[in-house]
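These notes concern the structure reproduced below.
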Amino acid sequence: MSGETYVGAIDQGTTGTRFMVFDHDGKVVANAYEKHEQIYPEPGWVEHDANEIWENTKKVINEALDSALLEPEQLEAIGITNQRETTVVWDRETGQPIHNAIVWQDRRTTDRIETLEADGKTDDVRQKTGLEPDAYFSATKAEWLLDNSDPIKLQRARPADVRERAEEGELAFGTIDTWLIYKLTGNHITDVTNASRTMLFNIHDMEWDDELLDEFNVPREMVPEVRPSSDDDHYGSTDASGFLGAEIPVAGALGDQQAALFGQTCFDAGDAKNTYGTGSFMLMNTGEEAVMSEHGLLTTVGFQRSGEPVQYALEGSIFITGAAIEWLEDMTLIEDAAESEKLARSVDSTDGVYFVPAFTGLGAPHWDQRARGTIVGMTRGTRREHIVRATLEAIAFQTRDVAEAMESDSDIDLASLRVDGGAVKNNFLCQLQSNILDTEIVRPEVDETTALGAAYAAGLAVGYWETLDELRDNWQIDREFAPSNPQNVEHRYGRWKEAVDRSLDWARDSEE
C-alpha cells in the first residue's frame, strides 16, 4: 500500500512539536514544526505549558496536511513520540492541567532523590525499574505536583485537596505521550517505553509497582493503562467531530529515544544508535534480556509489539549535547549551529581547553546531580574557535564515556554506531566521533528517525507495513565515517576525565 495513503507521526520534543507524514518507503511527504515556550520559574526549574503543546500539536498536523494537499482520511494511522519523563497531571472532568508540565531537565526534586539515597532505597529502585534514581525521572515530579499544585487553580466550584482528588481518580497522571493520547482519543493510556521512564514501573513484571507508588505518594487511581508500543488494538481514534474531522487510529507510541531505536531499525540484540538532540541518548538493543548495568547505565524497555515479548535496551543518557551548541549561540560565540563546524575546523586542536557542559548535572555514567558546567585549560591565547571545538569534542567524549560502559555491561564490541539528530548534520562532529570511539559511524538518509519510529510502530499496528523486513529495506545510508587521524585520542580522553572530575559536586547545598 503506497502513494494514496500514509502514516502520520507526532514528534513532541523538548523545544517544539513536529508532525511528519511518511509514505510506504519511509520517505517524508509532509512536515510542519512549531516551537513552544520554555518556562524557568526558578534556577534549575524547567516547565512547559501542556495546553500550548496540545494547541501546537493540532496546528502542525493541520499545517502538514495542508502543505502536502492531503486529506485527514489519507492517514492510515497516527503514531506519537515524545520528550520522555516530562510530567503532566490534569483534571479528568475539565481536561485541564493542574500545573505546568515539569520537564525532564528540571532539578527541583534533587533533595528528594538524596533523601531516597540516604534511606538506603536506591538499590531497590534500580532493581525494579532499571533506572538510576534521579530527579530526571517522572516519579518525584508527580509527587511534587500533587504536593504543590494550587487547588484554587483547578477551576472547580468546590476546590478539594489535590491529593484527595487524585486518590478518588479525579486526576490523571502521565508523560507527554499520555497527555496527547488523552487529548486525541479521550483514553488514558501510555506505552511500555514511556512507563519504563517514570521510576514507578517494574520492567520485569511489566506493571506499575505498588511499593514505588507508595514511596512517591502517587495513587494508583491516577496512573494510565500500559499498552504495547505498536498496538494492534489501537489506543483509540480521533473524533470525527474534532479538529481533524475524521476518525484516525492512534496506534503507536514510543518515548523519543526508543522511537529512534525503532526508526533506525535496531531490531536485533547488539544493534545500537545514538541520537544527538538537546541531550544525547545512546541505546543498545539487548533482546528479551533486561541486562542490569554495573557501570552507570540505565536498563530500559526498548519497544514491544502486540503479542510479542518486550525488547529491552541499555541506555546512556547524556543531558547536555546539542544544548551546549545552543549555549554557544546564547553567548554569541557563534551565530548559528552550522557555524560551529567551520570554526572547529579552523584550528588544529582545542589548545588544551576542555569543556564539560554539566549545566543540569551529569547523567550516565557519572550520575552527579550537583555537577555543573566547567571550562578548564584556558589561557590568554584561548579564542572562541578553541571553545567551539572543545564543545564538539565534549559531545564526542561524553558518548565515549557511555560507549565504554555499554560494552562492559553487554560484553558486545561496538562495531558500528547508527546516529541521528540535528547535530549529525555536522560532518566534523561525525568524523570526530568516529575517531574518539574508534568505531564506524553510520548516518541514515532520513535523520528524523524519532518520528519515523513512531510512524513505523503505528503503521505496523494497522497493517500498513506487514513485517520488520519491510522497514529494514527502507533504511538507507547517507554517509559512513571510519576512524581516521585520531590525534592522540587516548591522551585527550584522559584529560577529559580529569576535567569531568573538576565539575563534580559543584552545586553544594550552601550555594543553591
*asked:* Please check if the number of heavy atoms outside E335 that lie under 6.0 Å from its CD is greater than 12.
replied: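 Count not over threshold, so no.
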*Step-by-step side-chain contact (heavy atoms from CB on, under 4.5 Å) determination, Q74 to V21*: CA-CA 10 Å; Q74 290 179 265; V21 179; over 6 Å; no
_Just to verify, what does E37 make a side chain to side chain contact (heavy atoms under 4.5 Å, CB included) with, not counting sequence neighbours?_
I39, E52
*side chain to side chain contact (heavy atoms under 4.5 Å, CB included) with V310: which residues, sequence neighbours excluded?*
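Partners of V310 by the side chain to side chain contact (heavy atoms under 4.5 Å, CB included) criterion, ordered by chain and then number, come out as M206, V301, Q304, Y312.
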*Apply side chain to side chain donor-acceptor pair (under 3.5 Å) to H366 and D401, showing your working.*
CA-CA 9 Å; H366 311 286; D401 287 344; 3.2 Å; yes
*Mind jotting down which residue pairs meet the ring pair (Phe, Tyr, Trp, His ring centres under 6.0 Å) criterion with at least one end in residues 215-246? Sequence neighbours excluded, please.*
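Those involving residues 215-246 are W54-F243.
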_Residue pairs, two or more places apart or on separate chains, that pass salt bridge (Lys or Arg N to Asp or Glu O under 4.0 Å) and touch residues 314-330_ =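 For residues 314-330: R84-E315, R197-E315.
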_Determine whether the aromatic ring centres of residues Y33 and F19 are separated by less than 6.0 angstrom._
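Centroid separation for F19 and Y33: 6.0 Å or greater.
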*D49: partners by side chain to side chain donor-acceptor pair (under 3.5 Å), with sequence neighbours left out*: none
_For T17, side chain to side chain donor-acceptor pair (under 3.5 Å) partners two or more places apart_ = Q12
_Does R112 qualify as a cation-pi partner of W144, given the criterion of NZ or CZ under 6.0 Å from the six-membered ring centre and within 45 degrees of its axis?_
no
*With respect to F201, which candidate in T129, L131, V226 satisfies the side chain to side chain contact (heavy atoms under 4.5 Å, CB included) definition?*
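When T129, L131, V226 are each tested with F201, the side chain to side chain contact (heavy atoms under 4.5 Å, CB included) holds only for V226.
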*Flag the pair E55 and K58 as a salt bridge only when some basic side-chain nitrogen lies within less than 4.0 angstrom of an acidic carboxylate oxygen.*
yes
_Aromatic plane relationship, W327 with F355 - under 30° parallel, 30 to 60° tilted, over 60° perpendicular_ =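 Taking W327 first and then F355, their aromatic rings sit tilted (interplane angle of 30° to 60°).
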_Taking every non-hydrogen atom, the tightest pair across V462 and P249_ =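 Between these two residues, the closest heavy atoms are CG1-CB, 4.3 Å.
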